[in-house]
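I have placed the structure first, in the form of structure tokens, so that the comments after it can refer back to it.
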Amino acid sequence: QEEEEVWTPEVKDITVLSVKNLVFLPAGGSGTITVNCETNFSATSDKPWCSVSVSGQEVTVTATENLSNESRYASVLLKTSQSSQTVVVQQVGEVLDGLKLQDVLVSKKGETFVYKYSSNLDVRMSSDKDWVHFEMVEDEKEGTLVKVIVDENSGFGTRFATVSCSAGSLSGSAKVTQEPTYGTVTGWTVEDTDGQFVFPDQFDVIKVTPPATMASTPYFWLVMDPAELIGVDIPAAIKSLADEVMAAVNAGEVTLLKGSDSQEGKNLPSTVTAVIVCFDNENYPTGQYALVDVS
């Protein structure tokens with residue numbers, strides 16, 4: 001005679017009624033599981049980053065900060081003497097897309113540039129200089145944006161700022177270099193050094209000397225026919241020259257002199273304009289220049 005199967009119904013004396021906030025952001029936090037259970041029950045987690053505590057019919061689930069860019073999962077086991085239930089907990093990884101800072105060169109007039117990014121983190125922007133500002137924008141079409149606003153540089157001297165962003169364990173920085181305002185400075189002298197001429201219409205040697213207030217200023221000079229400067233946008237021309245000289249200096253092709261040292265030129269026309277361009281000690285243009293006519 002065949003044995004008769006005996007069916008024993010499964011006993012479920014604990015029921016999950018609701019879960020709240022159990023998909024955590026990278027920063028972590030707490031959520032809850034509400035149960036219906038008429039007997040004592042326990043709650044345990046299978047992952048160390050996920051902890052649980054029981055109060056009455058409610059289980060509090062707490063997740064620590066997730067410092068990776070990978071999502072992670074934990075199982076919370078709710079157990080009585082007769083049955084059990086399992087609830088899965090998820091925590092997403094850090095996401096920061098589109099906000100990759102790069103070194104930039106900005107004109108003296110200033111500039112605003114925009115980064116479009118997506119992130120599940122609290123993004124913070126900062127600068128070590130007060131002439132760089134930030135504006136966080138939520139745009140319906142474009143999404144999340146950060147505007148980097150650089151003020152106008154109204155003074156002499158190339159200036160620099162470090163821009164930084166941080167979000168969770170992620171961070172980045174870049175350098176903002178801003179060109180100076182170009183303008184003339186007085187007090188420079190250009191003179192014939194010995195009064196000797198190779199030909200009646202030429203200088204033999206001339207000397208350039210900076211004013212006392214700029215005695216330690218590196219500088220570069222060349223001479224031009226004054227007719228070549230007629231109708232020329234002088235600040236633009238000086239900027240172009242300064243950029244060329246800076247590149248040549250950094251390539252080791254030109255040495256800038258300081259203080260009262262003078263550069264000499266031979267066999268020069270009897271009427272010239274000395275074009276003097278100033279730099280700082282790191283070979284960046286200060287924006288200061290002088291045009292001195294010599295005859």
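Computed from a predicted model, the values in this text were never measured in an experiment.
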Answer yes or no: does atom CG of D233 have more than 12 heavy-atom neighbours from other residues, nucleotides or ligands under 6.0 Å? yes
Per the ring-ring contact (aromatic ring centres under 6.0 Å, His included) rule, which among F156, F279, F160 passes with Y284? F160
Check: F220 and V249 side chains under 4.5 Å, non-hydrogen atoms: no
Passing candidate, side-chain contact (heavy atoms from CB on, under 4.5 Å) with R72, options V92, V89, N66: N66
Is the backbone N or O of V146 less than 3.5 Å from a side-chain atom of E135, with the two atoms forming a donor-acceptor pair by type? no
Name the residue from T39, N40, D13 that meets the side chain to side chain donor-acceptor pair (under 3.5 Å) definition with T80. D13
Identify whether the distance between the nearest side-chain nitrogen and carboxylate oxygen of K207 and E191 falls below 4.0 Å. yes
Start with the C-alpha gap between E138 and T144, add the side-chain angles, then the distance that decides, and say whether side chain to side chain donor-acceptor pair (under 3.5 Å) holds. CA-CA 5 Å; E138 289 291 341; T144 306; 3.2 Å; yes
For E244, what residues pass the side-chain contact (heavy atoms from CB on, under 4.5 Å) criterion, not counting sequence neighbours? S240
Heavy-atom neighbours of E282 CD exceed 12 at 6.0 Å: no
Output yes when a side-chain donor or acceptor of N120 lies under 3.5 Å from a complementary backbone atom of V95, and no otherwise. yes
Do T286 and P180 come within less than 4.5 Å of each other through their side chains, counting heavy atoms only? no
Which heavy atom in V87 sits nearest to a heavy atom in L22, and how many Å separate them? CG1-CD1, 3.8 Å
Apply the side-chain contact (heavy atoms from CB on, under 4.5 Å) test between V275 and each candidate in I234, L241, V223; give the one that qualifies. L241
Would you confirm whether Q178, through its side chain, and V150, through its main-chain N or O, come within 3.5 Å as a donor-acceptor pair? no
Just jot down the salt bridge (charged side-chain N to carboxylate O under 4.0 Å, His left out) partners of D243, sequence neighbours excluded, or say none. K239
Give a yes or no on whether the backbone of V163 and the side-chain of S127 come within a donor-acceptor separation of less than 3.5 Å. no
Distance (rounded to the nearest 0.5 Å) between T273 OG1 and E228 CD: 9.5 Å
Check the pair S171 / S166 against side chain to side chain donor-acceptor pair (under 3.5 Å), numbers first and verdict last. CA-CA 4 Å; S171 63; S166 62; over 6 Å; no
Can you establish whether the number of heavy atoms outside K129 located under 6.0 Å from its atom NZ is more than 12? yes
With side chains defined as the heavy atoms from C-beta onward, is the minimum distance between V277 and M246 less than 4.5 Å? no
Can you confirm whether Y117 sits close enough to C165 that some side-chain heavy atom of one is under 4.5 Å from a side-chain heavy atom of the other? no
